[in-house]
Amino acid sequence: MSSFQCPYCSNIMALSDDTLQNRFPGFRNHHDTDIYGYGESCIQIAFHMCPNCKEYTIFALGKGAKVSDINTVIRPKSLAKQFPDYIPKAIRQDYEESCAIINLSPKASATLSRRCLQGMIRDFWNVRESNLSKAIEQLEGKIPATQWKVINGVRRIGNIGAHMEKDINLIVDIEPGEAEKLIKLIELLMEQWYINRHQQDSLYTDIIGIDEAKQSERKRTE
């Protein structure tokens, strides 16, 4: 069974008539269909309703020959995941903007992902290199070898590698699928770096608190 993850609350829902409804408006009539199937102006509007938070996610996909270039998210502005506030706002903003323009301009999306990656390396690992390639080099030995290889491999996606060592804001040609891979990498690193560290620190704090409380209780009963 197909599923969909709500961008508002991250709930994963099974797709059924209760969570997904499609509409097919067109210029001439509601369905804009002809004997060959879709009419030239038909657009598929897909409504996902999350049973957990009751929010709607809406997609538009061009089905007609004259509107086949339409492929966008109507609501929310993008499918960016909602990351916690303890991740720096500038990093979250670059990530969200990268997601928002991935179909409109993959190369601009990739540029924002690269800037987001550099911001994460600077903030999380305290690497102050202005050159992203050199910043990545400084991570070698500090993170698992496979993770470093993946981050370093960003330079080999499309034409990004030819410009990685230059201006971080330089816009280069890139395909939508390649820009999507960069976004997935950013999401993975946010999970593995910031969220895992926060959860670990919270767990350690809870355990230390339990220990201190037990020791205090023990002293009162002695």
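The distance from atom CD1 of Ile151 to atom CG of Leu132, rounded to the nearest 0.5 Å, is 9.5 Å. Separation of atoms CD1 (Ile45) and CZ (Phe24) is listed at 9.5 Å; rounding is to 0.5 Å. In this structure, CD1 in Ile70 is found 12.0 Å from CG in Asn103, a value given to the nearest 0.5 Å. The line from OG1 of Thr72 to CD1 of Ile102 is 11.5 Å long, rounded to the nearest 0.5 Å. Taking CD1 of Ile12 as the reference point, atom CG of Asn52 lies at 11.5 Å (rounded to 0.5 Å). Note that the OG atom of Ser113 and the CG atom of Leu185 stand 8.5 Å from one another [nearest 0.5 Å].
Remark: side-chain polar atoms of Ser109 are not paired, donor with acceptor, to backbone N or O of Ser105 under 3.5 angstrom. Judged by distance alone, with hydrogens and angles left aside, the side-chain atoms of Glu40 form no donor-acceptor pair with the main-chain N or O of Gly64 at under 3.5 Å. For Ser41 (side chain) and Phe27 (main-chain N/O), a donor-acceptor pair under 3.5 Å exists by modelled atom type.
Contact detail for Asp123 and Pro88: the closest heavy-atom pair is OD2-CG, 3.4 Å. What you find for Val67 and Ile43 is that their closest heavy atoms are CG2-CG1, 4.1 Å. Between Met120 and Met190, the shortest heavy-atom contact is CE-N, 3.7 Å. Of all heavy-atom pairs between Thr19 and Ala14, the closest is OG1-O, 2.8 Å. The two residues Met49 and Asp18 make their nearest non-hydrogen contact at CE-O, 3.9 Å. Between Arg92 and Ile87, the closest heavy-atom pair is NE-O, 2.8 Å.
You'll find the side chain of Gln147 reaches within 4.5 Å of the side chain of Leu189, heavy atoms only. Residues Ser98 and Cys116 have side chains not in contact (no heavy-atom distance under 4.5 Å, counting atoms from C-beta outward). Inter-residue side-chain proximity for Ile195 and Pro84 is flagged as met; some heavy-atom pair is nearer than 4.5 Å. Residues Asn11 and Pro51 form a side-chain contact, since some pair of their non-hydrogen atoms from C-beta on lies under 4.5 Å apart. Put simply, the side chain of Lys214 reaches to within 4.5 Å of the side chain of Ile210, judged on heavy atoms. Looking at Pro7 and Leu79, their side chains come closer than 4.5 Å, going by heavy atoms from C-beta outward. Using a 4.5 Å heavy-atom cutoff, the side chains of Asp94 and Ile186 are not in contact.
Considering Arg122, Gln118, Gln138 as possible partners of Glu129, the one that fulfils the side-chain hydrogen bond (donor to acceptor under 3.5 Å, both in side chains) test is Gln138. None of Lys54, Arg75, Glu55, Gln82 except one satisfies the side-chain hydrogen bond (donor to acceptor under 3.5 Å, both in side chains) rule with Tyr8; the exception is Arg75.
Residue pairs that meet the ring pair (Phe, Tyr, Trp, His ring centres under 6.0 Å) test with at least one member in residues 89-114, sequence neighbours left out, are Phe83-Tyr95. Among residues at least two apart or in separate chains, ring pair (Phe, Tyr, Trp, His ring centres under 6.0 Å) pairs with a member in residues 102-139 are Phe124-Trp193, Phe124-Tyr194, Trp125-Trp193.
A salt bridge does not link Lys77 with Glu96: none of the charged nitrogens is closer than 4.0 Å to a carboxylate oxygen.
In the displayed structure, Tyr86 atom OH is contacted under 6.0 Å by more than 12 heavy atoms of other residues, nucleotides or ligands. Heavy atoms from other residues, nucleotides or ligands lying under 6.0 Å from OH of Tyr56 number 12 at most.
By the criterion of side-chain heavy atoms lying less than 4.5 angstrom apart, applied directly or through intervening Ile, Leu, Val, Met, Phe, Trp or Tyr residues, Leu139 is grouped together with Val150 in one hydrophobic cluster. The hydrophobic clustering, which links ILVMFWY residues whose side-chain heavy atoms are closer than 4.5 Å, places Phe47 and Leu61 apart.
Qualifying salt bridge (charged side-chain N to carboxylate O under 4.0 Å, His left out) partners for Asp211, counting only residues two or more places apart in sequence or in other chains: none.
In this pair, His48 and Phe59 present their aromatic rings perpendicular. The plane angle is above 60°, beyond the 30 to 60° band.
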